[in-house]
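Heads up: the structure comes next, in structure tokens.
Chain A is the first sequence line, chain B the second, and so forth, proteins listed ahead of strands; every chain is numbered from 1. The shown structure was predicted, so the numbers you read here are calculated from the model rather than taken from an experiment.
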Protein chains: 2
Amino acid sequence: MTEEFMIGELAKRTDSKVPTIRYYEQIGVMPTAIRAHNNRRMYRNSHIKRLMFIRHSRALGFTLDDIRDLLALSDQPNHTCAEVDKIAKNNLENIQKKIRVLSIMEKEMQRMIFQCHGEKVSECLIITALADHAIAEKIKMTTSEKNDATITNHLG
Amino acid sequence: MTEEFMIGELAKRTDSKVPTIRYYEQIGVMPTAIRAHNNRRMYRNSHIKRLMFIRHSRALGFTLDDIRDLLALSDQPNHTCAEVDKIAKNNLENIQKKIRVLSIMEKEMQRMIFQCHGEKVSECLIITALADHAIAEKIKMTTSEKNDATITNHLG
DNA sequence: TCTTGCTCCTACAGTTACTATAGCATGTAT
DNA sequence: ATACATGCTATAGTAACTGTAGGAGCAAGA
């Protein structure tokens, strides 16, 4: 029942790269994998879930530190409500802001596609739409994230 | 009327760092700034807009290459429809997938906050909710992004 | 049995997108 | 005149990967 597989299979099933998985183990967001007799890392379905979660979150601009917090919520079900509440509320706001900005981008893209009737496009308002002081004000950017790198995004 | 200011002011007004702006000039996503008599870079409102756009996009996980494409749509209004269409459609899908995943995250966060009534949380379903095979299947992750680093997110 | 080929291992170098720091010049405030 | 902030260039460091070198393990075919 509890199917086991190696790192290459895990990489395939989560659409990530083998060195990335080893890197996640090294920095502690993935657990230290149990080794088979031949020293190879063995994984199960739970590892797919965890890795999927990490990859989705990274693709959306969450840092590995953010992700560590979120994973902690899941890893330690005996957190107090205050802790959960703080992390979850923080992230909820973060998520909602991202959705708001993405929705503006979405509308602008749709407008651009819609406007394309075979002639040349006379004016592209995407920057104005997104960087406009008024809009920026409305979205009320507040807090800040940390460093990333080389996201192979699952979200396209 | 056309107010001019230096790099520190631009950094303040866009909530970015001075070296980041110089870096963006170096790699060509910001234009080569016109220098004052004393060799200092001078900026105007248009630079704020462009930089805001770049920062917002980065915070949402778009790469500088993605952003270059988007900026090109705005910089060269004489693109053919085919070009605009291709870039815009590509990005539209990308954006919509990000929104779908963020919406799942949002609901899960709300559920967690809602469940918190002063006792201990018995079970956190966030990872299950987000990494579940069924859900991942439903979201149908397809294409991929590229590298990032050190995003100071405007979106919180 | 040998060997071709695939996947695994470790370890380290390279990439992207910044961020910080050093060392010096310029401008403003006292 | 001197202090101090800000600008400049140049270079090094960081985060989050990605690629590659060099070697081991195992399965299937010649």
Report yes if a side-chain nitrogen or oxygen of [X] is closer than 4.0 Å to either non-bridging phosphate oxygen (OP1 or OP2) of [N]; otherwise report no.
X     : N      : answer
A:Y24 : D:dC17 : yes
B:R55 : C:dC18 : yes
A:T20 : D:dT18 : yes
B:R68 : C:dT16 : no

Give the rounded distance in Å between these two atoms: [atom1] of [X] and [atom2] of [N].
X     : N      : atom1 : atom2 : result
B:D66 : C:dT16 : CG    : P     : 14 Å
A:R13 : C:dT7  : CZ    : P     : 15 Å
A:F5  : C:dT7  : CZ    : C1'   : 16 Å
A:Y23 : D:dT14 : OH    : P     : 13 Å
B:D65 : C:dA17 : CG    : P     : 6 Å
A:I34 : C:dC8  : CD1   : C1'   : 18 Å
B:K17 : C:dA20 : NZ    : C1'   : 9 Å
B:R22 : D:dG7  : CZ    : P     : 8 Å

Return a single string for nucleotides 23-30 of chain C, one symbol per nucleotide in 5' to 3' order, where B is base contact, S is sugar-phosphate-only contact and - is none, cutoff 4.0 angstrom on heavy atoms. --BBS---

Against A:I54, only a single residue in A:R68, A:M30, A:K49 fulfils side chain to side chain contact (heavy atoms under 4.5 Å, CB included); can you say which? A:M30

Choose from [options] the nucleotide whose nearest atom is closest to any side-chain atom of [X].
X     : options               : value
A:L64 : D:dC17, C:dA17, C:dC9 : D:dC17
B:R35 : C:dC9, D:dT18, D:dC8  : D:dC8
B:M6  : D:dG7, C:dC9, D:dC17  : D:dG7
A:I7  : C:dT19, D:dC8, C:dC9  : C:dC9

With a non-hydrogen cut-off below 4.0 angstrom, is A:R41 in contact with a base, only sugar-phosphate, or nothing? sugar-phosphate

Using a cut-off of 4.0 Å on non-hydrogen atoms, how would the nucleic acid contact of B:I27 be classed: base, sugar-phosphate, or nothing? nothing

Could you see if A:M6 belongs to whatever hydrophobic cluster contains A:L51? Use Ile, Leu, Val, Met, Phe, Trp, Tyr and a side-chain cutoff under 4.5 Å. no

Do A:R55 and A:Y24 have side-chain atoms, one donor and one acceptor, less than 3.5 Å apart? yes

Can you tell me if CD1 on B:I34 sees more than 12 non-hydrogen neighbours from other groups inside 6.0 Å? no

Is there a donor-acceptor pair closer than 3.5 Å between any side-chain N or O of [X] and the backbone N or O of [Y]?
X     : Y     : answer
A:H47 : A:R44 : yes
B:R50 : B:V29 : yes
A:R13 : A:N45 : no

Rounding to 0.5 Å, atoms NZ (A:K97) and NE2 (B:H56) come to a distance of 11.5 Å

5' precedence on DNA chain D between B:K12 and B:Q26 (nearest-nucleotide basis): B:K12

